[in-house]
Amino acid sequence: MSRISLSRFLIEAQRTEGNLPPELRLLIETVARACKAISHSVNKGALAGVLGEAGSGNVQGEAQKKLDVIANDILLEANEWGGSLAAMASEEMELPYSIPENYPRGRYLLLFDPLDGSSNIDVNISVGTIFSVLECPPGDVAPSEADFLQSGRRQVAAGYTVYGPQTMLVLTFGHGVHGFTLDREQGSFVLTHPDMRIPASTKEFAINMSNQRHWEAPVQRYIGELLAGTTGPLGKDYNMRWVASMVAEVHRILVRGGVFMYPKDARDPSKPGKLRLMYEGNPMAFIVEQAGGAATNGRMPILDIQPSKLHERVAIFLGSREEVERVTAYHAAD
Ligand code: AHM
Ligand code: MG
């Protein structure tokens, strides 16, 4: 059978399912093209002089790496002229980016974390790009932050690209989750993982254990049970992984199951979590639900949260359904 490129897959989805408007297809193709360029920079690393600090900070108060800035610029430049977008928002920019007036303005909003897991860049461990697409509410004026504040249920597409041993793009537009591997010789993404499904049960979990003393009681209880293994109430031994790259963790979970957690942390009670809702939590929750898994903040589905600001943070429990339901039930019982 002939190989199915991302372009062919999207055109066929547009034709047969009628669920992919042409402007959205173009937008996804443009994001994929930008991810190829980011992949190229990530792969070149020290050869292109792109490792290390940028010498600047972002709105989250985090030091930016050179590749954070490069990836952000690549996504902005690739997406500003195509006519599908009304505005963009990024982890690396305090305010939304309006489409310049010399380009046509389209009906979608694009949100992204240009390079997630960037503490891994300089040590040659997987990083990734995460993106989310919303429809822009109608209006004549340039979109503002308020237009972005829609719940994750309203996403029309979401995806990530993981820059690992292979570069892979994983995508949903509400009809399952499909994975594409970058063929560097051909320069195209090829469908290699159609209809990815997360097994309902698992024996693998991912959490930053060094934060244990700061967790709330339900998380302490749950992780305590996982660690107790066959000697505890769950009656099975679990294995642990922590890449410190959410994209890599979610990818592992999509391929072989597992549960990923970044809970609320008592070190800063004003923050509901470390990760950001709109361009980390929501797109990953959309992908995970579409693959048969679950994603909550411990209390409710992440996709049902009504955001109140662009860079809002959220606690995250996502992956294999049985485990996410268990830790969510422990929060309800607390
Ligand atoms: P970033 O967007 O600044 O890269 O931060 C997000 C990353 C996630 O990919 C990962 O799960 C987490 O931060 C790792 O945090 P920790 O430093 O606690 O290991
Ligand atoms: Mg991030």
Side-chain angles (χ1 to χ4, degrees), residues 35 38 41-42 50-54 56-72 74-75 88-94 110-132 152 158-164 168 170 204-215 219 223 240-254 258-268 271-288 295 297 302 307 310-319:
C35 289
I38 296 170
S41 277
V42 169
V50 297
L51 301 187
E53 306 294 325
S56 50
N58 65 12
V59 61
Q60 338 271 340
E62 300 157 343
Q64 288 173 307
K65 300 279 186 186
K66 282 185 196 165
L67 270 169
D68 284 323
V69 177
I70 291 169
N72 195 60
I74 288 173
L75 280 158
M88 294 181 249
S90 163
E91 175 176 324
E92 304 303 334
M93 300 184 301
E94 181 176 4
L110 176 67
L111 299 96
F112 47 82
D113 178 354
L115 210 61
D116 184 60
S118 45
S119 72
N120 282 326
I121 293 171
D122 295 345
V123 292
N124 199 1
I125 293 174
S126 299
V127 289
T129 297
I130 311 172
F131 68 93
S132 160
Y160 65 79
T161 302
V162 56
Y163 312 107
M168 278 194 69
V170 172
E204 200 160 66
F205 70 99
I207 194 165
N208 186 342
M209 285 294 299
S210 69
N211 296 327
Q212 180 168 26
R213 69 188 185 284
H214 306 296
W215 299 334
V219 182
I223 301 297
M240 198 196 90
R241 290 286 182 274
W242 188 249
V243 189
S245 245
M246 188 197 197
V247 175
E249 321 268 11
V250 170
H251 191 68
R252 185 185 62 246
I253 289 169
L254 276 167
V259 57
F260 167 86
M261 293 159 275
Y262 215 115
K264 185 175 161 60
D265 198 318
R267 280 173 298 183
D268 185 350
K271 288 183 189 161
K274 172 183 176 177
L275 300 176
R276 275 53 53 117
L277 173 61
M278 301 222 50
Y279 39 79
E280 295 178 322
N282 276 341
M284 290 312 202
F286 189 20
I287 291 167
V288 165
N297 65 355
I302 287 175
L310 187 58
H311 298 289
E312 180 168 333
R313 294 177 192 254
V314 66
I316 294 183
F317 302 85
L318 64 74

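When a ligand or atom number is given, it counts from 1 through the structure's own listing order. Just so it is clear, the structure is predicted and the values come from calculations on it, not from any experiment.
Judged purely by distance below 3.5 Å, without hydrogens or angles, the side chains of Tyr262 and Asn211 pair a donor atom with an acceptor atom.
Ligand 1 places these atoms under 4.0 Å from at least one heavy atom of Phe260: 11 (O). The atoms of ligand 1 that sit less than 4.0 Å from any heavy atom of Glu280 are 2 (O), 6 (C). Ligand 1 places these atoms under 4.0 Å from at least one heavy atom of Asp113: 2 (O).
Separation of atoms CG (Asp113) and CD (Glu92) is listed at 6.5 Å; rounding is to 0.5 Å.
Between Val247 and Thr161, the closest heavy-atom pair is CG1-O, 3.8 Å. Closest non-hydrogen pair, His311 versus Glu94, comes out as NE2-O, 3.1 Å.
For atom 17 (O) of ligand 1, the closest non-hydrogen atom on the protein side is Lys274 NZ, 3.5 Å. In terms of protein heavy-atom proximity, atom 4 (O) of ligand 1 is closest to Gly117 N, 2.7 Å. At the shortest separation from atom 16 (P) of ligand 1 among protein heavy atoms lies Asn208 ND2, 3.6 Å. Protein heavy atom nearest atom 19 (O) of ligand 1, with residue, atom name and distance: Trp242 NE1, 2.9 Å.
Of all the heavy atoms of Tyr279, none lies under 4.0 Å from any atom of ligand 1, so neither backbone nor side chain is involved. Proximity of Ser245 to ligand 1, defined as any heavy-atom pair under 4.0 Å, is confined to the backbone N, CA, C and O atoms. The parts of Asp116 lying near ligand 1 are both backbone and side chain, judged by heavy-atom distances below 4.0 Å. With a heavy-atom cut-off of 4.0 Å, Val247 does not touch ligand 1 at all.
Using a cut-off of 4.0 Å between Lys/Arg side-chain N and Asp/Glu carboxylate O, Asp122 and Lys65 are scored as salt-bridged. A salt bridge is defined here as a Lys NZ or Arg NE, NH1 or NH2 lying under 4.0 Å from an Asp or Glu carboxylate O, and Arg241 with Glu249 fails to meet this definition.
Aromatic rings from Trp242 and Phe205 are positioned such that their centres are separated by 6.0 Å or more.
Between Asp116 atom OD1 and Asp113 atom OD2, the angle centred on the Mg ion (ligand 2) amounts to 100° (nearest 10°).
The shortest separation from a heavy atom of Ser118 to ligand 1 is under 4.0 Å, placing the residue in contact. Assignment of Glu249 to the shell around ligand 1 is not supported, since no heavy atom sits closer than 4.0 Å.
Between Leu318 and Met284 the shortest side-chain heavy-atom distance falls below 4.5 Å. Residues Glu280 and Glu91 are in side-chain contact: their nearest non-hydrogen atoms beyond the backbone lie under 4.5 Å apart.
Evaluated by nearest non-hydrogen atom to atom 5 (O) of ligand 1, the leading choice among Met246, Arg276, Glu91 is Arg276.
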Less than 3.5 Å apart, which donor and acceptor atoms pair up between the side chains of residues 124-132 and the rest of the protein, not counting sequence neighbours?
from: Thr129; atom 1: OG1; to: Pro114; atom 2: O; distance (Å): 2.7
from: Thr129; atom 1: OG1; to: Tyr163; atom 2: OH; distance (Å): 2.7
from: Ser132; atom 1: OG; to: Gln155; atom 2: OE1; distance (Å): 3.0

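At least one donor-acceptor pair closer than 3.5 Å links the side chain of Asn120 to the backbone N or O of Val243.
When distances from the Mg ion (ligand 2) to the N, O or S atoms of Glu280 are compared, OE2 comes out shortest.
By the 3.5 Å distance cut-off applied to N or O atoms, Tyr262 is counted among the residues near ligand 1.
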